[in-house]
Protein chains: 2
Amino acid sequence: MRTYGQYCAVASALDLIGDRWTLLIVRELLIRQPCRYTDVAQGLPGVATNLLAERLRQLEGRGILTREAAPPPVATTLFRLTELGEALRPVLIELSRWGLPLLGPSPGQAVFRTHWLSLPLESALCHDPAAGPVTIEVRAGDEPLVVEAADGHVRCRSGAARDADLTLSGPPAVIVGLFYGAFDLAGARARGLVVDGDAGLLDRVRPSRA
Amino acid sequence: MRTYGQYCAVASALDLIGDRWTLLIVRELLIRQPCRYTDVAQGLPGVATNLLAERLRQLEGRGILTREAAPPPVATTLFRLTELGEALRPVLIELSRWGLPLLGPSPGQAVFRTHWLSLPLESALCHDPAAGPVTIEVRAGDEPLVVEAADGHVRCRSGAARDADLTLSGPPAVIVGLFYGAFDLAGARARGLVVDGDAGLLDRVRPSRA
DNA sequence: CAGCATCCGCTTTGATACTG
DNA sequence: CAGTATCAAAGCGGATGCTG
């Protein structure tokens with residue numbers, strides 16, 4: 001294994017997760033675990049399949065994820081983060097906070113997957129416990145994303161909601177900008193946001209940082 | 001520039017700072033900026049000089065650091081993080097929190113520089129404002145490190161203190177373990193810690209997280 | 001079809017030597 | 001001091017083939 005050879009907390013962290021694609025694999029699992037090889041690959045457009053296989057092996061060997069046999073009848077392999085792997089969430093959150101303002105107003109020729117909004121949304125939002133819980137479905141690209149706010153916490157998951165209080169559709173940057181405080185509801189609508197349901201329910205979630 | 005081509009906050013962050021050695025350069029500047037090329041190189045044992053030069057150029061181009069001419073009479077180039085670069089501190093802090101438990105009880109054949117303790121110490125400690133300020137000199141390797149606690153904040157800087165209230169000497173892991181709560185004063189002494197001064201002053205700084 | 005392994009050309013990195 | 005130049009080795013990306 002290639003190592004920096006430094007007795008330093010940052011360097012030893014990077015020895016384990018500093019390789020190319022590695023943190024993006026962790027991102028996929030943080031958002032959608034447990035998932036199959038194919039699901040990980042689908043969330044990582046551009047990765048070479050041999051490299052993905054090698055990274056998964058490395059991460060397993062380093063105690064960051066585990067490989068488990070799915071229960072019958074599906075019979076496939078599922079990848080899931082260990083406790084050590086889950087502990088990378090704050091790292092990914094901070095990376096996403098830093099990287100979010102670097103995103104341009106539109107994807108351009110970059111690929112976009114709706115579930116990639118999960119980390120930014122979870123770190124940008126907090127739920128007002130005084131108001132009731134709220135479930136929001138977000139449609140910004142390939143597949144919908146559900147934002148569930150309750151008891152002061154906000155969690156995202158891939159897939160359609162069966163009982164959304166509210167559905168938001170629009171370009172990714174507008175969705176993020178709305179929650180991030182970059183513009184208000186009217187501004188977001190002017191930029192392509194479509195709201196289906198009681199928009200007032202949006203007040204139940206608020207930016208968690210100024 | 002090689003890019004992941006993903007419209008995702010994490011991926012765009014890694015596009016800018018995901019290359020090998022890059023975050024370690026940021027670590028050096030966070031701790032010791034402004035510093036000269038040679039200072040950065042000395043804090044990054046193992047880096048190839050051509051690679052360091054290229055990374056510094058990239059980071060400058062990406063708006064993460066600036067190159068400035070030092071005032072006479074020294075006449076050298078100084079590297080300093082921009083606001084964008086400084087904003088990486090939370091990322092490095094979380095990486096260091098994650099990586100710290102991975103460090104073994106001794107450096108083994110890895111290189112150690114005392115100033116690398118700065119990020120772990122700053123994130124592990126908080127100052128009790130009710131108690132007075134305290135200045136601690138740490139000696140764990142090549143050069144001393146000063147820990148200054150005042151007004152509820154803890155800051156580290158390289159170099160000797162001129163008016164330390166307390167001096168701690170010992171192996172790196174013991175210093176960290178003492179502040180981290182891995183063992184108490186007696187345990188740390190048993191593992192090689194030498195305290196010069198009023199050890200009671202240590203109570204003025206406390207672990208900030210459980 | 002899911003989950004890889006192999007092969008190959010290109011890019012990045014590492015080690016060392018040298019320079020204004 | 002602050003790099004540049006050179007070259008070998010390793011890593012990566014893309015295509016394709018194999019196996020249960």
Side-chain angles (χ1 to χ4, degrees), chain A residues 1-6 11 14-25 28-29 32-61 65-80 109-111, chain B residues 1-6 11 14-25 28-29 32-62 65-80 110-111:
Chain A
M1 171 185 132
R2 188 168 60 158
T3 169
Y4 287 108
Q6 301 183 357
L14 292 175
D15 278 341
L16 294 192
I17 47 80
D19 287 333
R20 195 163 162 78
W21 290 106
T22 298
L23 276 179
L24 295 184
I25 294 173
E28 287 305 306
L29 292 177
R32 307 210 287 179
Q33 68 180 329
C35 58
R36 298 172 302 170
Y37 183 91
T38 322
D39 300 326
V40 181
Q42 189 263 353
L44 295 172
V47 75
T49 159
N50 60 339
L51 195 54
L52 178 56
E54 187 188 329
R55 288 284 183 273
L56 289 170
R57 233 180 294 120
Q58 288 174 348
L59 287 171
E60 188 186 8
L65 58 79
T66 57
R67 191 183 295 258
E68 58 190 53
V74 277
T76 183
T77 312
L78 292 179
F79 296 90
R80 188 191 300 269
Q109 47 189 346
V111 185
Chain B
M1 172 185 132
R2 187 166 62 160
T3 168
Y4 286 108
Q6 300 184 357
L14 292 176
D15 277 341
L16 294 192
I17 48 81
D19 287 333
R20 195 162 163 78
W21 290 104
T22 298
L23 276 180
L24 295 184
I25 294 173
E28 287 303 307
L29 292 177
R32 306 210 289 179
Q33 69 180 331
C35 57
R36 299 171 302 172
Y37 184 91
T38 322
D39 299 326
V40 181
Q42 189 263 352
L44 294 172
V47 74
T49 163
N50 60 340
L51 194 54
L52 177 56
E54 187 188 331
R55 289 284 183 271
L56 289 170
R57 233 179 291 121
Q58 287 174 349
L59 288 171
E60 188 186 9
R62 293 167 188 186
L65 59 79
T66 56
R67 194 184 293 256
E68 59 190 51
V74 277
T76 183
T77 312
L78 292 179
F79 296 90
R80 189 191 300 268
V111 184

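Just so it is clear: chains get the letters A, B, ... in the order the sequence lines come, proteins before strands, and each one is counted from 1. All values below come from the heavy atoms of this structure, side chains included, with hydrogens, waters and symmetry mates left out.
- To the nearest angstrom, C1' of dA2(C) lies 10 Å from CZ of Phe79(A).
- The closest side-chain heavy-atom distance from Gln33(A) to Asp39(A) is not below 4.5 Å.
- Of all the heavy atoms in Trp21(A) and Tyr4(B), the pair that sits closest is N-OH, 3.1 Å.
- Between Arg20(B) and dG14(C), a side-chain N or O to OP1/OP2 separation shorter than 4.0 Å is present.
- For Leu78(A) and dC4(C), the CG to C1' distance is 16 Å, given to the nearest whole Å.
- Contact annotation: Thr77(A) side-chain N/O to dA2(C) OP1/OP2 distance is not under 4.0 Å.
- Whole-Å rounding puts the Leu24(A) CG to dC12(D) C1' distance at 15 Å.
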Less than 3.5 Å apart, which donor and acceptor atoms pair up between the side chains of residues 41-56 of chain B and the rest of the protein, not counting sequence neighbours?
from	atom 1	to	atom 2	distance (Å)
Gln42(B)	OE1	Arg32(B)	NH2	3.0
Thr49(B)	OG1	Tyr37(B)	OH	2.9
Glu54(B)	OE2	Gln58(B)	NE2	3.2
Arg55(B)	NE	Arg20(B)	O	2.8
Arg55(B)	NE	Thr22(B)	OG1	3.3
Arg55(B)	NH1	Gln58(B)	OE1	3.4
Arg55(B)	NH2	Arg20(B)	O	3.3

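- Rounding to whole angstrom units, OH of residue Tyr4(B) and C1' of dG14(D) are separated by 17 Å.
- As rounded to whole Å, 13 Å separates atom C1' of dC12(D) from atom CD1 of Ile25(A).
- In terms of the salt bridge (Lys or Arg N to Asp or Glu O under 4.0 Å) criterion, Arg2(B) has no residue partners (sequence neighbours excluded).
- Straight-line distance from the CZ atom of Arg67(A) to the P atom of dG3(C): 9 Å, rounded to whole Å.
- A straight line from CG of Asp19(A) to P of dG11(D) spans 8 Å, rounded to a whole angstrom.
- A sub-4.0 Å separation between OP1 or OP2 of dG11(D) and a side-chain N or O of Trp21(A) is absent.
- Side chains of Arg36(B) and Thr77(B) form no contact here, defined as non-hydrogen atoms less than 4.5 Å apart.
- Shortest non-hydrogen contact noted between Leu29(B) and Cys35(B) is CD2-SG, 3.6 Å.
- Within residues 43-59 of chain A, the residues approaching DNA chain C are Thr49(A), Asn50(A), Ala53(A), Arg57(A), by heavy-atom distance under 4.0 Å.
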